[in-house]
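As the structure is a computational prediction, the values presented were derived from the model and not from experiment. Throughout, numbering of the chain's residues begins at 1 and tracks the sequence.
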Amino acid sequence: TLQSAYFDTKEWLEAYQSVDKDEDRQGLRRDMEHQRNKWTKPPTGFVKCNYDGAFNNIQRETKAGWIIRDDMGRFKGAAHASNQQPTTALEGELQALLLAMMNCWSKGYKHVIFEGDNINVMKLANGESTNIDVTNWIRDIWRWPAKFEEIKFCWTNRNSNLCADILAKQVIPYRLSYHYYSYVPESIRDPMSNDYFDH
C-alpha cells in the first residue's frame with residue numbers, strides 16, 4: 001500500500017512539474033513576442049527616429065509623421081507634414097523617411113537610427129532591393145547619409161511604430177503643411193507610456 005501511494009505521488013508530481021514547464025515555455029514565448037512588439041531604445045550615443053507615412057488615394061494627399069527619442073528613451077521632438085507630391089503609398093513612406101532625415105539633420109543629430117514599419121522602404125534605403133518607379137526618391141534619400149556621422153535604416157513591426165503612425169494620420173494644427181512639437185503631443189502620450197512600461 002505504501003509503495004503504491006509512493007508511485008502515485010511521484011506520478012502526480014511529475015505531471016504537475018510537466019504542466020509547470022509547459023506554462024513556463026508559454027510564458028517565455030509571450031514575453032519574447034511582447035519584446036518584439038515593443039519599442040526599444042537605440043544604442044548609447046544614438047537617437048532613434050521612428051517615421052511613418054499615410055497615403056490618401058482619394059484626395060491624393062500624403063502625410064508623414066516622425067518622433068525622435070534618445071538612448072535613454074527621452075522625447076527629443078516630433079513632427080508631421082503633408083503634401084500632394086507622392087502618388088503612391090510607397091512614395092509616401094519614402095517621403096516620410098526623407099523628411100525625418102532632413103529634420104534630424106536640422107536639429108544637429110549626427111548618429112541616428114531611422115526606423116519604420118515598411119520593409120520595402122528599409123530594403124530600398126539599404127540598397128538591398130531596387131524599384132525603378134521610385135528611383136528619384138531613393139536618390140534623394142541616398143544624398144543625406146553623408147551629412148551625418150552614422151545612420152542606420154531599420155525595420156520594426158507596426159506595434160512598436162505606433163507613435164509615428166498616429167502622427168502621420170493626425171490632422172496638422174492650423175491647417176499647416178508642417179508642424180514640429182518640442183513637447184509630447186497629447187495624441188501620443190499614452191502610446192509613448194506603453195512603449196516604456198509593461199502592458
Sub-3.5 Å donor-acceptor pair from the side chain of Asn161 to the main-chain atoms of Ala164, do we have one?
no
Working to the nearest 0.5 angstrom, can you tell me the gap between Thr40 OG1 and Asp195 CG?
9.5 Å
Under 3.5 Å, is there a donor-acceptor pair between the His111 and Glu149 side chains?
yes
Under 4.5 Å between side-chain heavy atoms, hopping through other hydrophobics if needed: is there a path connecting Val134 to Met102?
yes
Please round to the nearest 0.5 Å and tell me the distance separating atom NZ of Lys152 and atom NZ of Lys48.
10.5 Å
Residue pair Ser160 / Lys38, side-chain heavy-atom distance below 4.5 Å:
no
With the side chain counted from C-beta on, respond yes when Val47 and Asp71 share a heavy-atom pair under 4.5 Å apart, and no when they do not.
no
Between Thr62 and Asn56, is any pair of side-chain heavy atoms under 4.5 Å apart?
no
Separation between NZ (Lys147) and CD1 (Ile151), nearest 0.5 Å, reads 11.5 Å
Indicate yes or no: at least one non-hydrogen side-chain atom of Pro185 is less than 4.5 angstrom from one of Phe75.
yes
Ring of Tyr180, cation from Lys107 - is the NZ or CZ under 6.0 Å from the centre and inside 45° of the axis?
yes
So do the side chains of Gln95 and Leu99 get within less than 4.5 Å of each other, counting heavy atoms only?
yes
Does the pair Leu124 and Asn131 meet the rule for a side-chain contact (heavy atoms from CB on, under 4.5 Å), with working shown?
CA-CA 8 Å; Leu124 287 165; Asn131 184 331; 3.9 Å; yes
Establish whether Trp105 and Leu98 are linked, either directly or via other cluster members, by ILVMFWY side-chain heavy-atom contacts under 4.5 Å.
yes
Search all heavy atoms of Ala100 against all heavy atoms of Tyr51 and return the closest pair with its distance.
CB-CB, 4.1 Å
Can you confirm whether Met101 sits close enough to Cys49 that some side-chain heavy atom of one is under 4.5 Å from a side-chain heavy atom of the other?
no
Go through the side-chain N and O atoms of Asn120 and Glu93 and say whether any donor and acceptor fall under 3.5 Å apart.
no
Residues Ser182 and Lys76: side-chain donor-acceptor under 3.5 angstrom
no
Pairing donors with acceptors under 3.5 angstrom, does anything connect the side chains of Asn50 and Glu115?
yes
Evaluate the criterion side-chain contact (heavy atoms from CB on, under 4.5 Å) for residue pair Leu97 and Phe114; output intermediate values, then yes/no.
CA-CA 8 Å; Leu97 172 56; Phe114 292 98; 3.7 Å; yes
Derivation of the side-chain contact (heavy atoms from CB on, under 4.5 Å) call for Ile68 and Cys104
CA-CA 8 Å; Ile68 306 164; Cys104 284; 3.7 Å; yes
Any idea which heavy atoms bring Val184 and Arg189 closest together, and the distance?
O-NE, 3.5 Å
From CD (Gln170) to CD1 (Ile188), nearest 0.5 Å
8.5 Å
Count the heavy atoms belonging to other residues, nucleotides or ligands that lie under 6.0 Å from CG of Asn83, then report whether that count exceeds 12.
yes
For the CG atom of Leu167 and the NE2 atom of His179, what is their distance to the nearest 0.5 Å?
10.5 Å
Note, Ser82 side chain near Ile172 side chain (heavy atom, < 4.5 Å):
yes
Let me confirm one number: the CG-CD1 distance from Leu162 to Ile67, rounded to the nearest 0.5 Å.
10.0 Å
Any donor and acceptor pair, going by atom type alone, linking the side chain of Asn126 with main-chain N or O of Phe153 inside 3.5 Å?
yes
Cluster check Leu94, Trp144: I/L/V/M/F/W/Y, side chain < 4.5 angstrom:
yes
Validate the cation-pi geometry between Lys123 and Trp155: distance from NZ or CZ to the six-membered ring centre under 6.0 Å, angle to the ring axis within 45°.
no
Under 4.5 Å side-chain heavy-atom separation, chaining through any Ile, Leu, Val, Met, Phe, Trp or Tyr, what else clusters with Phe55? Say none if it is isolated.
none
Kindly indicate whether the side chain of Glu91, heavy atoms from C-beta on, has any atom under 4.5 Å from the side chain of Trp137.
yes
What residues form a salt bridge (charged side-chain N to carboxylate O under 4.0 Å, His left out) with Arg175, not counting sequence neighbours?
none
Do you know which two heavy atoms are closest between Pro191 and Ile166, and how far apart they sit?
CG-CD1, 3.5 Å
State plainly whether the residues Asp70 and Lys41 are in salt-bridge range, i.e. N to O under 4.0 Å.
no
Residue from Tyr178, Tyr181, Trp66 passing ring pair (Phe, Tyr, Trp, His ring centres under 6.0 Å) with His80:
Tyr181
Which ILVMFWY residues can you reach from Ile132 by hopping between side chains whose heavy atoms are under 4.5 Å apart?
none
